[in-house]
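Quick notes on the structure that follows.
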2 protein chains.
Amino acid sequence: MEKQSVTIYTVAREARVSMATVSRVVNGNPNVKPATRQKVMDVIKRLNYRPNAVARGLASKKTTTVGVIIPRITNPYFADLALGIDDIASMYKYNIILTNSDNDDDKVLKVVRNLLAKQVDGVIFMGYSMPDELRDELKSSNTPVVVAGSVIDDDELATVRIDYENAAKEATLKLLDNAKDHVAFVTGPLKYVINSDDKLSGYKAALAERHVDFDDQLVVETDGTYQSSYDQAKRLVEAGVKAAYVSNDNLAVGLLNGLTDNGVKVPDDFEIISSNDTTYTKISRPTISSITQPLYDIGAIAMRLLTKLMDGTDSATDEKDVILDHGFAQRQSTR
Amino acid sequence: MEKQSVTIYTVAREARVSMATVSRVVNGNPNVKPATRQKVMDVIKRLNYRPNAVARGLASKKTTTVGVIIPRITNPYFADLALGIDDIASMYKYNIILTNSDNDDDKVLKVVRNLLAKQVDGVIFMGYSMPDELRDELKSSNTPVVVAGSVIDDDELATVRIDYENAAKEATLKLLDNAKDHVAFVTGPLKYVINSDDKLSGYKAALAERHVDFDDQLVVETDGTYQSSYDQAKRLVEAGVKAAYVSNDNLAVGLLNGLTDNGVKVPDDFEIISSNDTTYTKISRPTISSITQPLYDIGAIAMRLLTKLMDGTDSATDEKDVILDHGFAQRQSTR
DNA sequence: TTTTTTGTTGAAAACGTTTGCCATTTTGGG
DNA sequence: CCCAAAATGGCAAACGTTTTCAACAAAAAA
């Protein structure tokens, strides 16, 4: 690859000033006489000079780049978050290095090491769990981190999310109140704290409040895929289950279609409430009632918070955990 | 931000060799005695040294980073492509700077300038059109570019895609052969060449082959959103249309739900074939028949092609345009 | 005038690598 | 053993910026 043709030095020579002055102009430093500034800007335009961000990064130790870890870009829940992240990032002139973790501990570790090598100014983490090794790596690197739309077992890390436990509780209560006794909880792997500590707890809290005994037969653990819950539909009905609170939209659609394809009428014979309010809940037929989350905002606020942390205005410390409001959308899968 | 603590120089000192040797070890250069290599590697491990990719990028003029332009990360079609891109990128140790273009000419131009400033080694472009200014910028920058899953009017740029025109023709033929006369074409904005030059042409070719007159009333141009085609459903039925080939899955689901919600039976009263075979076509009820595209592969191959171009083994020139096979998935929206 | 003060500019040292070139060592053939 | 060739390793110059510090000039105060 040939050498960059027009550098700050070229501009300096043409404009008969020093590199330092050109740098000042480029960076909007006010200590430059307007006439000089104009002269330099003219040359910049004429030569079509564009500063080399890599050199800049080396000299300034800031790359204006943040790393974003996402389990899978094709998962609408995380994609919605990512959209908010990207928008705010571009508003603040940051670039995003996005990588799929495939929810694989080894891969995520490799990925983060790579990001740190690239000297990202910050990291946004989305995912179901954070390996200890990764946590250590991040902490020792001193790079600001924000966890978005996820729950990981660590109270030092800044987080933006909703109150999953309460949301789950409210959803379960709704189902119980529609005079259903047998309300199931269909969830992804319980090894992830967001499922076990948050959503399952919320489900249990609702049962307790309505004095319904907890029956672990009604907790249906799946691998989180559409197909896995589709396959459970028949079994659930045969077991006499009349409603289910479902921990994510993939599973909810799978369950719904499984039921429908087996001739079960939703909501007449079975009610469903899902958790994430992504497109899936709106394009299915019947549409699916769901807890609503401000997904875009979670991403946006996470990125905003990260910019503060990166600026190092340490005041950010106090608002380390942001819990946004959730809601409920009544659709066709509940009465 | 404080100075990087352990640098190549630290390692060199500890291992009693020069920076150059450390660099050789790190980069797997063979000109180093195994004993020396081992000694250096031990120190690297002990000090937990990690090379600074920014400095490396400056010195070597390679950043092992590629820019990816995506209209919208939440669009399943492009997200599937992006997944393939990301997988292959990480296989080849490249990082991805991902940015939403929002399909906005100004924004995409700004974004690409930014990417070039960041010295990306290559660019993958997805989108509906490429502003002239952008094309010029890319060409003059001499950065390799691959267009993925998109059609833009330029025959110098490397492209990976399917034969949209033929696919559209085959789909339309199927609908015509099911004894339907009034087959509509529901499409996104016709100002985009993929819609007008490719898919519309395919639609017309099918009509011609069956000796059916083209009726421009049957070309329904929308803004490409779910809602826009949902809203057209009623009008289409009232106009006596019996089937539609639809240019993307968003529109297809919108149309389908619009029909269903108006009491029209699919496929009995109306048949639909869509274009992209994303999840949407599988989770809707009825499911939607669709042209199938190897979306993941398109992304993967695009990235693979880009690595070749970046390596500069100029042999890549001959296989500049990759057209992958498409297929057809018969589902519930056609008989 | 002379002295301060303020505002502009330039020189040069970082930043942490890679790499071309040269010097030194090692190796192996005779 | 000697010598040429091959293997190994060091030096120092890039790479293109930012940033500190000092110098200088102009304006303000004395």
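As a basis for the values below, the full set of heavy atoms in this structure was taken, side chains included, without hydrogen atoms, waters or symmetry mates. Throughout, protein chains are lettered first and strands after them, A, B, ... in sequence-line order, and every chain is numbered starting at 1.
With hydrogens and angles left out, the side-chain atoms of A/Arg37 and A/Asn29 include no donor and acceptor closer than 3.5 Å. For the residue pair B/Asn114 and A/Arg50, no side-chain donor N or O sits within less than 3.5 Å of a side-chain acceptor on the partner. Between the side chains of A/Arg304 and A/Thr307, at least one donor N or O sits under 3.5 Å from an acceptor N or O. Counting only N and O atoms by type, the side chains of A/Thr64 and B/Lys118 include a donor and acceptor under 3.5 Å apart. A donor-acceptor pair shorter than 3.5 Å cannot be found between the side chains of A/Asn95 and A/Thr65. Side-chain contact annotation: A/Tyr94 with A/Asp86, donor-acceptor N/O pair under 3.5 Å absent.
Take the nearest nucleotide of DNA chain D for B/Lys33 and for A/Ile8: the residue whose nucleotide is more 5' is B/Lys33. Nearer to the 5' terminus of DNA chain D, by closest-nucleotide assignment, is the contact made by B/Thr21 (compared with the other of A/Tyr9 and B/Thr21). Each of A/Arg16 and B/Thr7 was assigned the nucleotide of DNA chain C with the nearest heavy atom; the assignment lying further toward the 5' end belongs to A/Arg16.
For A/Leu58, taking side-chain heavy atoms from C-beta onward, the closest of the listed nucleotides C/dT17, D/dG10, D/dG16 is D/dG16. In the set C/dG16, C/dG10, C/dT9, the nucleotide with an atom closest to the side chain of A/Thr36 is C/dT9. With distances taken from any side-chain atom of B/Ala59 to the nucleotides D/dG16, C/dT17, C/dT9, the minimum falls on C/dT17. Of the candidates C/dT19, D/dG9, C/dA11, the closest approach to any side-chain atom of B/Ala20 belongs to C/dT19.
Under the salt bridge (charged side-chain N to carboxylate O under 4.0 Å, His left out) test applied with A/Arg135, the options A/Asp153, A/Asp105, A/Asp154 reduce to a single match, A/Asp154. When each of A/Lys39, A/Gln38, A/Arg46, A/Lys45 is paired with A/Asp42, the side-chain hydrogen bond (donor to acceptor under 3.5 Å, both in side chains) condition holds for A/Gln38 and for no other.
The CE-P distance, from B/Met19 to C/dT19, rounds to 12 Å in whole Å. Rounded to whole Å, atom C1' of C/dG16 lies 13 Å from atom CG of B/Asn27. Regarding B/Gln38, its CD atom lies at a distance of 15 Å from the P atom of D/dT8, rounded to whole Å. Distance, B/Arg13 CZ to D/dG9 P: 20 Å, rounded to whole Å. Distance B/Tyr49 OH to C/dG16 P: 10 Å, rounded to the nearest Å. Computed from coordinates, the A/Arg37 CZ to C/dG7 P distance equals 15 Å when rounded to whole Å. Following rounding to the nearest Å, A/Asn29 (CG) and D/dC21 (P) show an atom-to-atom distance of 16 Å. If you measure from atom CZ of B/Arg50 to atom P of C/dG16, you get 15 Å, rounded to the nearest angstrom.
Using a 4.0 Å heavy-atom criterion, one finds that A/Val26 contacts no nucleic acid atom at all. Across all strands shown, A/Asn31 has heavy atoms under 4.0 Å from base atoms, whether or not it also approaches the sugar-phosphate. Here A/Val32 lies in heavy-atom contact (under 4.0 Å) with sugar-phosphate atoms only.
Considering only side-chain N and O atoms, A/Ser60 lies nowhere under 4.0 angstrom from the phosphate OP1 or OP2 of D/dT18. At D/dT18, one or more side-chain N or O atoms of A/Ser23 fall inside 4.0 Å of OP1 or OP2 (strictly under the cut-off). Applying the 4.0 Å criterion to OP1 and OP2 of D/dG16, one finds that B/Lys61 has a side-chain N or O inside that range.
Contact of B/Arg24 with D/dG10 (side chain to base): a donor-acceptor pair of N or O atoms is detected under 3.5 Å.
An end-to-end axis angle of 40° holds for the helix from C/dT1-D/dA30 to C/dG30-D/dC1, taken from five base pairs per end and rounded to 10°.
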